[in-house]
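Before any comments, here is the structure.
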Amino acid sequence: MDHNFAKEKVADTVSSYKITRIREDFPILSTMVHGRDLVYLDNASSAQKPRQVIDRITEAYTMSYSNVHRGLHFMSEKATEDYESARDSVRAFLGASSNAEIIFTRNATEAINLVASSWGRTNLRVGDEVLITYMEHHSNIVPWQMLRDEKGFVLKALKPKKDGTFDVDSFKTLLTDRTKLVSVCHVSNVLGTVVPVFEVTKLAHDVGALVLLDGSQAVPHISVDVQNIGCDFYCFTGHKLYGPSGIGVLYGKENVLEAMPPYQGGGNMISSVSIEMSKWADLPSKFESGTPAIVQAIGLAAAIDYMNDIGLDSIAKYEQELLNYATRMLDLVEGLTIIGRAYDKGPIATFVLDCVHPHDIAMIIDQQGVAVRAGNHCAQPLMDLYKVSATTRASFAMYNTFEEIDMFVDALKVVRRMFA
Ligand SMILES: *Cc1c(COP(=O)(O)O)cnc(C)c1O
């Protein structure tokens with residue numbers, strides 16, 4: 001009954017959405033797991049790849065592979081062109097004004113470490129403050145702790161409201177004229193909370209702080225325009241955006257990046273080298289030392305093209321319907337508590353189930369082919385805040401279906417009965 005009712009309600013959004021065609025684009029979705037259809041609900045850990053991305057990677061290795069930026073031969077020129085054209089796709093995707101502002105990194109973690117090591121080490125000192133939140137991924141906590149121990153600034157963390165909402169009032173009280181950097185996620189990987197990044201950026205700029213946004217969980221679900229937001233840095237990781245692993249992006253405002261020293265030294269990031277000294281290359285090469293993840297960048301651009309073909313707004317609307325439906329269904333499971341109920345949420349449902357350890361849940365429903373994440377989600381401070389050691393997380397992507405949510409919730413009910 002509930003199922004049909006929900007189906008009717010979402011009919012408009014869903015009927016125009018080409019879910020069958022989209023699912024056919026993702027070869028892994030037709031795999032069987034333990035003799036069951038794979039129900040992949042671990043997208044916030046890493047998303048699956050469409051054939052268009054896999055084919056583009058194969059094509060790059062088959063037709064136009066070489067190192068970039070150095071050869072004077074056909075293949076090198078072709079590979080360089082493809083790599084730089086991938087940068088152009090990312091620039092357009094983020095709404096940045098220039099390709100000089102797009103740095104390819106290994107992942108989001110490396111992007112944040114780049115900012116900490118380069119901008120942070122140059123600009124932060126005793127008396128300064130860096131403001132993060134309790135809902136950061138470890139990758140936006142640990143680099144700041146390491147630098148704090150070296151530099152002696154103060155690292156502050158904002159708590160979310162009990163329901164997971166970003167607390168703007170507390171944020172205002174934590175901001176001071178000593179705050180030099182606000183580094184927060186755009187969307188929480190545990191609570192799903194969408195941070196009001198426009199307001200956060202404006203308030204931070206009012207006290208003279210720079211703003212770094214970790215968009216790892218935002219870009220797969222929300223269309224982003226960094227110029228509109230006004231943030232100084234924005235980063236994300238490719239493998240959560242239907243692209244390959246080993247590639248991430250750091251956006252930085254050109255004048256900010258220009259003033260920063262290199263992160264790592266080596267080839268490609270220099271304009272000249274003698275034994276006595278070296279001169280740095282222009283942006284973005286200054287921050288891309290060594291041979292980059294050439295084909296991964298090209299694959300990432302193919303993922304962006306793929307998303308644009310489907311339409312970022314269609315994906316966002318469809319995923320919101322999935323989230324609403326999953327939330328309603330999970331609320332009907334006895335003993336289940338959802339953690340994170342912000343009004344504005346990405347498609348992530350994190351929960352605990354009375355008397356059942358999250359690891360048991362994940363292992364038992366895996367037998368039904370359902371893949372979810374159980375653990376601390378690289379967010380131990382948040383687990384401590386909510387007084388849980390671990391949670392189970394189902395996270396949705398453009399290719400998930402309402403039927404899959406039914407299978408997942410049915411599997412949960414079986415777990416519930418086993419332990420009741
Ligand atoms: C996954 C994730 C990261 C880290 O991504 P890596 O690919 O491991 O570098 C950072 N922040 C958030 C919010 C994430 O979800």
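Both counts, for ligands and for their atoms, begin at 1 and track the order of listing.
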- Message: Polar contacts were defined as any N/O atom of the residue lying under 3.5 Å from an N/O atom of the ligand; does this apply to Ala108 and ligand 1?
- Response: yes
- Query: Backbone N or O of Ser45 within a donor-acceptor pair of the Lys240 side chain at under 3.5 Å?
  - Reply: no
- Item | ligand 1 contact by His239, heavy-atom criterion under 4.0 angstrom | yes
- Task: Work out whether the distance between some heavy atom of Ser139 and some atom of ligand 1 is less than 4.0 Å.
- Result: yes
- Message: Under 4.0 Å from a heavy atom of Gln217: which atoms of ligand 1 are those, numbered in the order shown and with their elements?
- Response: 13 (C), 14 (C), 15 (O)
- Atoms of ligand 1 under 4.0 Å from any heavy atom of Thr109, numbered from 1 in the order shown, are 4 (C), 6 (P), 8 (O), 9 (O)
- Structural part of Arg106 in contact with ligand 1, heavy atom criterion under 4.0 angstrom: neither
With a 6.0 Å cut-off on the ring centroids, do [X] and [Y] count as close?
{"X": "Phe171", "Y": "Phe166", "answer": "yes"}
{"X": "Phe104", "Y": "Tyr83", "answer": "yes"}
{"X": "Phe287", "Y": "Tyr263", "answer": "no"}

- Task: Measure from atom 4 (C) of ligand 1 to every heavy atom in Met135, Glu136, His137 and give the option owning the shortest one.
- Result: His137
- Query: How far is atom 12 (C) of ligand 1 from its nearest protein heavy atom, and which residue and atom is that?
  - Reply: Asp214 OD2, 3.3 Å
- Message: How far is atom 2 (C) of ligand 1 from the closest protein heavy atom, and which atom is that?
- Response: Lys240 NZ, 2.4 Å
- Message: Can you confirm whether more than 12 heavy atoms, excluding those of Lys151, are under 6.0 Å from its NZ atom?
- Response: yes
- Item | Residues Glu24 and Lys18 bridged, charged N to O under 4.0 Å | no
- Only one of Ser216, Ser46, Ser245 clears side chain to side chain donor-acceptor pair (under 3.5 Å) with His239; which? Ser46
